[in-house]
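Here the structure comes first, spelled out in structure tokens, and everything after it is commentary.
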Amino acid sequence: QVQLVESGGGLVQAGGSLRLSCAASGRTFSNLVMAWVRQAPGKEREFVATINWSGGRTYYADSLKGRFTISRDNAKNTVYLQMNSLKPEDTAVYYCAASSKTFLTIVVATYDYWGQGTQVTISS
């Protein structure tokens, strides 16, 4: 089992930045593919970004490239999501997810473990 706890959400004005963190426990963190997924009100969960075990490979939703950056610190068992130039349409609950598989994927259902989510609200 893997436990994931997100933090760093909040209310920010459009154009601002936030950094989300996700602390993992319960399994060797460096063996996990990590991802961020978001869910806006009334919408399905949407893939945001994923990162491989070493941090050397990342993949982003096309619409978010250049504004969001995923990273990880295996020594701290933590994955991060740096979000810049935030827009009102970025408002959502952001979830941290983990997969024990060895490949990166944008398919949300592939991820085995989920955090409880952190609310991000962007005001116009």
Side-chain angles (χ1 to χ4, degrees):
Q1 281 291 340
V2 176
Q3 292 77 45
L4 303 172
V5 179
E6 302 98 334
S7 60
L11 173 63
V12 176
Q13 286 189 332
S17 297
L18 277 175
R19 188 175 83 153
L20 306 183
S21 300
C22 171
S25 61
R27 188 167 174 172
T28 303
F29 180 71
S30 59
N31 289 344
L32 298 170
V33 167
M34 301 299 296
W36 288 95
V37 174
R38 68 185 184 183
Q39 187 168 22
K43 296 188 177 181
E44 294 186 353
R45 290 190 179 185
E46 174 191 22
F47 169 80
V48 172
T50 185
I51 188 167
N52 76 330
W53 68 273
S54 69
R57 291 183 60 210
T58 58
Y59 193 81
Y60 297 89
D62 286 342
S63 62
L64 301 176
K65 287 179 182 177
R67 294 196 300 123
F68 288 17
T69 303
I70 188 171
S71 62
R72 68 191 293 162
D73 185 338
N74 287 344
K76 295 182 178 180
N77 289 356
T78 301
V79 63
Y80 304 97
L81 184 68
Q82 177 67 44
M83 305 186 294
N84 298 327
S85 302
L86 285 162
K87 305 175 181 179
E89 51 264 43
D90 293 320
T91 294
V93 177
Y94 283 71
Y95 296 93
C96 175
S99 169
S100 56
K101 299 176 179 61
T102 59
F103 53 87
L104 301 185
T105 178
I106 67 171
V107 179
V108 170
T110 304
Y111 292 89
D112 306 302
Y113 307 101
W114 293 83
Q116 82 288 351
T118 186
Q119 177 69 47
V120 171
T121 303
I122 311 303
S123 62
S124 57

Going by the angle between their ring planes, with limits at 30° and 60°, are Tyr94 and Phe68 parallel, tilted or perpendicular?
->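 If you compare the ring of Tyr94 with that of Phe68, the planes turn out tilted.
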Please lay out, stage by stage, how Asp90 and Met83 fare under the test side chain to side chain contact (heavy atoms under 4.5 Å, CB included).
-> CA-CA 9 Å; Asp90 293 320; Met83 305 186 294; over 6 Å; no
With rounding to the nearest 0.5 angstrom, report the [atom1] to [atom2] distance, [X] to [Y].
{"X": "Glu44", "Y": "Gln39", "atom1": "CD", "atom2": "CD", "answer": "8.5 Å"}
{"X": "Asn84", "Y": "Arg19", "atom1": "CG", "atom2": "CZ", "answer": "11.5 Å"}
{"X": "Asn77", "Y": "Cys22", "atom1": "CG", "atom2": "SG", "answer": "10.0 Å"}
{"X": "Leu81", "Y": "Trp36", "atom1": "CG", "atom2": "CH2", "answer": "6.0 Å"}

Testing the basics here: between [X] and [Y], what is the closest heavy-atom pair and its distance to 0.1 Å?
{"X": "Arg72", "Y": "Leu32", "result": "NH1-O, 2.8 Å"}
{"X": "Glu6", "Y": "Cys96", "result": "OE2-N, 2.8 Å"}
{"X": "Tyr80", "Y": "Asp73", "result": "CE1-CB, 4.1 Å"}
{"X": "Leu86", "Y": "Leu18", "result": "CD1-N, 3.8 Å"}
{"X": "Asn74", "Y": "Trp53", "result": "ND2-O, 2.9 Å"}
{"X": "Ile51", "Y": "Ser71", "result": "CD1-CA, 3.6 Å"}

Would you confirm whether [X], through its side chain, and [Y], through its main-chain N or O, come within 3.5 Å as a donor-acceptor pair?
{"X": "Thr50", "Y": "Met34", "answer": "yes"}
{"X": "Thr91", "Y": "Ile122", "answer": "yes"}
{"X": "Tyr60", "Y": "Ile70", "answer": "yes"}
{"X": "Arg67", "Y": "Ser85", "answer": "yes"}

Is Val79 linked to Tyr113 within one hydrophobic cluster, defined over Ile, Leu, Val, Met, Phe, Trp and Tyr using a side-chain heavy-atom separation of less than 4.5 Å?
->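 In one cluster: yes.
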Do the side chains of Leu4 and Val108 join up, straight or via other hydrophobic residues, at under 4.5 Å, putting them in one cluster?
->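 No; tracing contacts between hydrophobic side chains, which count when under 4.5 Å, never links both residues.
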With side chains defined as the heavy atoms from C-beta onward, is the minimum distance between Val33 and Tyr111 less than 4.5 Å?
->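 A side-chain contact exists here, since the closest heavy-atom pair is under 4.5 Å.
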Under 4.5 Å between any side-chain heavy atoms of Val37 and Trp114, yes or no?
->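 Yes, their side chains come closer than 4.5 Å.
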For Leu64 and Val48, what are the C-alpha separation, side-chain angles and deciding distance, and is it a side chain to side chain contact (heavy atoms under 4.5 Å, CB included)?
-> CA-CA 7 Å; Leu64 301 176; Val48 172; 3.6 Å; yes
CA sep, side-chain torsions, deciding dist, call: Gln3, Val5, side chain to side chain contact (heavy atoms under 4.5 Å, CB included) | CA-CA 7 Å; Gln3 292 77 45; Val5 179; 5.5 Å; no
Step-by-step side chain to side chain contact (heavy atoms under 4.5 Å, CB included) determination, Phe29 to Lys76 = CA-CA 9 Å; Phe29 180 71; Lys76 295 182 178 180; over 6 Å; no
